Amino acid sequence: MDLEVSPALTIPSSELGWRFSRSSGPGGQHVNTSDSRVELSWNISDSAVLSDDQRLLLLTRLGRRLVAGVITVTASERRSQLRNRELALAKLADLVAVGLAPGPARRRATKPTRGSNRRRLAAKEQRSATKRQRQRPSAE
């Protein structure tokens, strides 16, 4: 069951590591007997499907979530292990897609227009006049 992150990137199932454990939460007595909590791990540093640029981008952007180059996602929201597996795959795909997404375009600096400058100065003059009128009259 390969994980398709984008049309250009598919993580093979051989690179994904699964761990299962008992989950807390809904399920009643069933929770105490079944391993429905899922942990999905993927080693970014050793992955063969990533280019060097993609690997560097993911390692820098997801750095806080990584432990020795491995990203781990857990899912225990559902009662069945199968649903939690699907959730974990979706979470990992979202994280990798966000990590590989291009950054926002850089802002091009521009000068304020002559009209906006004029309006700003007029507003300052108006505010100054309002404050001048609030002062006590001079003793003269």
Side-chain angles (χ1 to χ4, degrees):
M1 186 157 100
D2 294 345
L3 176 62
E4 184 176 334
V5 176
S6 69
L9 178 66
T10 301
I11 302 171
S13 59
S14 60
E15 291 189 6
L16 299 175
W18 296 94
R19 280 187 52 201
F20 307 102
S21 59
R22 294 207 173 123
S23 173
S24 62
Q29 294 174 343
H30 175 70
V31 168
N32 301 327
T33 60
S34 66
D35 293 338
S36 60
R37 182 173 181 264
V38 173
E39 285 186 22
L40 176 60
S41 301
W42 179 47
N43 193 338
I44 294 174
S45 359
D46 295 340
S47 179
V49 296
L50 293 174
S51 67
D52 290 336
D53 294 336
Q54 289 175 326
R55 183 174 292 109
L56 184 63
L57 193 62
L58 282 176
L59 289 174
T60 53
R61 287 190 177 172
L62 302 177
R64 288 175 284 160
R65 293 197 57 134
L66 299 177
V67 177
V70 177
I71 187 164
T72 303
V73 176
T74 60
S76 61
E77 291 87 17
R78 303 288 182 203
R79 289 174 62 167
S80 80
Q81 187 186 96
L82 180 64
R83 304 263 174 164
N84 284 332
R85 278 178 175 231
E86 293 167 355
L87 276 173
L89 284 170
K91 284 182 182 182
L92 182 63
D94 287 344
L95 271 175
V96 173
V98 166
L100 291 175
R106 296 202 130 212
R107 182 186 172 275
R108 188 181 316 158
T110 58
K111 282 199 274 184
T113 62
R114 196 177 303 152
S116 67
N117 211 8
R118 202 176 308 131
R119 286 188 296 273
R120 181 181 63 84
L121 292 176
K124 283 173 68 95
E125 188 60 44
Q126 179 67 38
R127 183 77 178 145
S128 173
T130 302
K131 289 190 168 196
R132 256 196 319 270
Q133 292 213 341
R134 289 183 189 156
Q135 292 177 352
R136 290 182 181 212
S138 61
E140 295 176 2

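Values reported hereafter were calculated over all heavy atoms of this structure, with side chains retained and with hydrogens, waters and symmetry mates removed. Everything numeric here is computed off the predicted structure, so don't read it as measured data.
A heavy-atom distance below 4.5 Å is found between the side chains of R118 and R114. At least one side-chain heavy atom of W18 sits under 4.5 Å from a side-chain heavy atom of L40. Residues N84 and R37 form no side-chain contact, since every pair of their non-hydrogen atoms from C-beta on lies 4.5 Å or further apart. Counting heavy atoms from C-beta on, the side chains of V49 and T10 never come closer than 4.5 Å. The side-chain heavy atoms of I11 and S47, taken from C-beta on, include no pair separated by under 4.5 Å.
Just one of E86, K91, R85 meets the side chain to side chain contact (heavy atoms under 4.5 Å, CB included) condition when paired with V38; it is R85.
At most 12 non-hydrogen atoms from other residues, nucleotides or ligands lie less than 6.0 angstrom from CZ of R19.
Taking CG of L50 as the start and CG of L100 as the end, the distance is 7.0 Å to the nearest 0.5 Å. The distance from the CG atom of L58 to the CD1 atom of I44 is 5.0 Å, given to the nearest 0.5 Å. Atom CD of Q133 is separated from atom OG of S128 by 10.5 Å, given to the nearest 0.5 angstrom. How far CD1 of I71 is from CG of N43: 11.0 Å, rounded to the nearest 0.5 Å. Here CZ of R132 is found 6.0 Å from CD of E125. Values are rounded to the nearest 0.5 Å. Note that CZ of R61 and CG of L56 are 10.5 Å apart. Values are rounded to the nearest 0.5 Å.
When all heavy atoms are compared, the tightest approach of R65 to L95 is CZ-CD1, 3.6 Å. Closest of all the heavy-atom pairs between S45 and A68 is OG-O, 4.0 Å. Considering all non-hydrogen atoms of both residues, A88 and A75 come closest at N-CB, 3.9 Å. Across all their heavy atoms, G69 and L59 have their closest contact at CA-CD2, 4.4 Å.
Looking at E15, its side chain does come within 3.5 Å of a backbone N or O of A48 through a donor-acceptor pair.
Looking only at atom types and distance, the side chain of R120 has a donor-acceptor partner in the side chain of N117 under 3.5 Å away.
Taking hydrophobic clusters as Ile, Leu, Val, Met, Phe, Trp and Tyr residues chained together by side-chain heavy-atom distances below 4.5 Å, L87 does not share a cluster with V96.
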